[in-house]
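Take a look at the structure below.
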Amino acid sequence: MIHFTELTTRDQLEAMQELERVIWNMAPIPLHQTMTSIKHGGLIIGAYEGQQLIGFSYGFPGYQSGQSYLCSHMLGIHPDYRSQKIGEKLKLEQQKRALEKGYSHMVWTYDPLESRNGYLNLSKLQAVTFTYLENCYGEMQDGLNAGLPSDRFEVYWPTDAERTLVDSPAPKKLAEIEWQDGLPVLCKIQSVSNEASYHVPIPKDFQKIKQQNPDLAVDWRLQSRAIFQNLMKYDYCAVELVQGEQYNHYVFIKKSHVLFGGNSL
């Protein structure tokens, strides 16, 4: 049975470092950083099966516009334990403990072309994103990110309020998908007008595209970047990732139609 606990000791944080190496095959966060973070409002939660650490979430304090929030910087699950809803449970545990610590909301980033993360963050956790960060981390060399600009969505998720969507009709398609050599290609991109809702397709498996056709992966990054930035320029936010048979798609609606605890964004 999986259980959760805050990581506070050196031994626990060293175990987290070993797990980071297994997950990403890269140097882990230094102990001096994680130990300092948890002494000053940071929150690191471990997921355990018995005595084995199989997942973790790492967050540290942020402050902007008079509010403190938790910046949920990293979440990792051991490869043997993925697709078991552990990531979702870790985020919910993190939200609960962040509220107990007095944080108003949480923020984190993810690659907008990674469908698995989009589905978890928007459709399951019911967070939203209205911020696009172009080449957020610069050139990254790990296996998941090498060779592409590190564009990210920034996710916004209150700790104490549920999301409600007001007036969300069937979305209008902003682009289409064509198939070339078995891979999806973004095409027929439309201009943003003033529709209540928009539909933006993305691949089901972006890593497959990166491996089989790196040039197409770059094309996806740059064309989707322009679409997402344009939508956010006109005050739309992504509220859902819908899974389809051949491709997935985001649903964007006006920020004014998103309520958390009865309050608009």
Side-chain angles (χ1 to χ4, degrees), residues 75 77 79-92 108-130 132 143-145 147-149 151-153 155 157 163-165 167-193 195-232 236-254 257-258:
L75 184 145
I77 308 296
D80 293 343
Y81 290 87
R82 290 174 185 160
S83 300
Q84 298 182 32
K85 298 186 177 182
I86 297 171
E88 179 183 0
K89 292 175 181 177
L90 264 171
K91 296 302 292 188
L92 291 170
W108 63 91
T109 63
Y110 77 95
D111 186 331
L113 294 177
E114 292 292 347
S115 287
R116 181 190 296 267
N117 294 340
Y119 184 69
L120 169 62
N121 295 331
L122 305 185
S123 297
K124 300 188 78 172
L125 298 179
Q126 300 212 327
V128 298
T129 177
F130 45 82
Y132 192 91
L144 291 176
N145 296 288
L148 281 178
D151 291 19
R152 295 292 185 266
F153 275 162
V155 177
W157 196 34
R163 191 187 74 180
T164 303
L165 306 181
D167 186 24
S168 183
K172 177 183 176 181
K173 289 186 178 181
L174 261 185
E176 301 282 351
I177 293 287
E178 291 183 351
W179 297 89
Q180 295 180 9
D181 299 322
L183 296 176
V185 178
L186 193 63
C187 63
K188 299 179 182 178
I189 299 173
Q190 307 296 313
S191 299
V192 175
S193 54
E195 299 291 332
S197 180
Y198 281 106
H199 164 296
V200 181
I202 67 167
K204 291 184 73 69
D205 188 350
F206 187 52
Q207 291 300 317
K208 178 181 177 181
I209 296 175
K210 287 184 63 177
Q211 293 165 8
Q212 296 187 7
N213 191 333
D215 289 340
L216 178 58
V218 172
D219 183 72
W220 265 103
R221 171 68 82 222
L222 298 181
Q223 292 213 69
S224 65
R225 172 195 288 176
I227 293 172
F228 295 141
Q229 287 180 328
N230 201 30
L231 281 164
M232 291 176 180
Y236 289 90
C237 62
V239 295
E240 186 178 10
L241 187 132
V242 179
Q243 297 177 320
E245 291 186 9
Q246 294 185 307
Y247 64 88
N248 298 334
H249 71 266
Y250 282 106
V251 175
F252 279 79
I253 69 173
K254 285 285 191 178
H257 291 177
V258 181

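Start at 1 with the first residue, then count along the sequence. Since we're looking at a predicted model, the values are computed, not measured.
- With contacts defined as side-chain heavy-atom distances shorter than 4.5 Å, the pair L113/I209 does not qualify.
- Side-chain contact between M232 and T129 is present, with heavy atoms from C-beta onward closer than 4.5 Å.
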Inset, instruction - Test Y250 against L122 for side-chain contact (heavy atoms from CB on, under 4.5 Å), laying out the working first. - result: CA-CA 9 Å; Y250 282 106; L122 305 185; 3.7 Å; yes

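- When all heavy atoms of I77 and R82 are compared, the pair lying nearest together is O-NE, 3.2 Å.
- In this structure, the side chain of S123 engages the main chain of L241 through a donor-acceptor pair within 3.5 Å.
- Here S197 pairs with nothing under the side-chain hydrogen bond (donor to acceptor under 3.5 Å, both in side chains) rule; sequence neighbours left out.
- Between the side chain of S115 and the backbone N or O of P203, at least one donor-acceptor pair lies under 3.5 Å.
- For R163 (side chain) and V239 (main-chain N/O), a donor-acceptor pair under 3.5 Å exists by modelled atom type.
- The ring-ring contact (aromatic ring centres under 6.0 Å, His included) check on Y247 picks up nothing, with sequence neighbours excluded.
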Legend entry - Worked check of side-chain contact (heavy atoms from CB on, under 4.5 Å) between I202 and S224: CA-CA 8 Å; I202 67 167; S224 65; 5.7 Å; no

Inset, instruction - Evaluate the criterion side-chain contact (heavy atoms from CB on, under 4.5 Å) for residue pair I177 and Q246; output intermediate values, then yes/no. - result: CA-CA 9 Å; I177 293 287; Q246 294 185 307; over 6 Å; no

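- Closest non-hydrogen pair, G87 versus L120, comes out as C-CD2, 4.5 Å.
- If you take NZ on K89 and CD on Q84, they are separated by 8.5 Å, rounding to the nearest 0.5 Å.
- To the nearest 0.5 angstrom, Y236 atom OH is 7.0 Å from E195 atom CD.
- For the side chain to side chain contact (heavy atoms under 4.5 Å, CB included) test, residues two or more places apart in sequence or in another chain that qualify with D215 are N213.
- In this structure, CD in E114 is found 4.5 Å from CD in Q207, a value given to the nearest 0.5 Å.
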Show me, pair by pair, the donor-acceptor contacts under 3.5 angstrom made by side chains of residues 179-188, not counting sequence neighbours?
none

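- Note that the CG atom of L75 and the CD atom of E88 stand 11.5 Å from one another [nearest 0.5 Å].
- Every residue two or more places apart in sequence or in another chain was checked for a salt bridge (Lys or Arg N to Asp or Glu O under 4.0 Å) with R116, and none qualifies.
- The distance from atom NE2 of H249 to atom CD of E240, rounded to the nearest 0.5 Å, is 7.0 Å.
- Looking only at side-chain heavy atoms (C-beta outward), L174 and I189 stay at 4.5 Å or farther from each other.
- For K204 against G244, the heavy-atom pair with the smallest separation is NZ-O, 2.7 Å.
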Inset, instruction - Determine, stepwise, if the pair L125 / L92 fulfils side-chain contact (heavy atoms from CB on, under 4.5 Å). - result: CA-CA 8 Å; L125 298 179; L92 291 170; 4.1 Å; yes

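- Annotation: side-chain hydrogen bond (donor to acceptor under 3.5 Å, both in side chains) contacts of H257 (sequence neighbours excluded): none.
- The aromatic rings of W108 and W157 sit perpendicular, their planes meeting at an angle over 60°, well past the 30° parallel limit.
- In this structure, L148 CG and R221 CZ are separated by 5.5 Å, a value rounded to the nearest 0.5 Å.
- In K124, the NZ atom is crowded: over 12 heavy atoms of neighbouring residues, nucleotides or ligands sit closer than 6.0 Å.
- Taking all atoms of both residues into account, the shortest heavy-atom contact from P112 to Y132 is CG-CE1, 3.9 Å.
- F153 has its side chain out of reach of C237: every pair of non-hydrogen atoms, C-beta onward, lies at least 4.5 Å apart.
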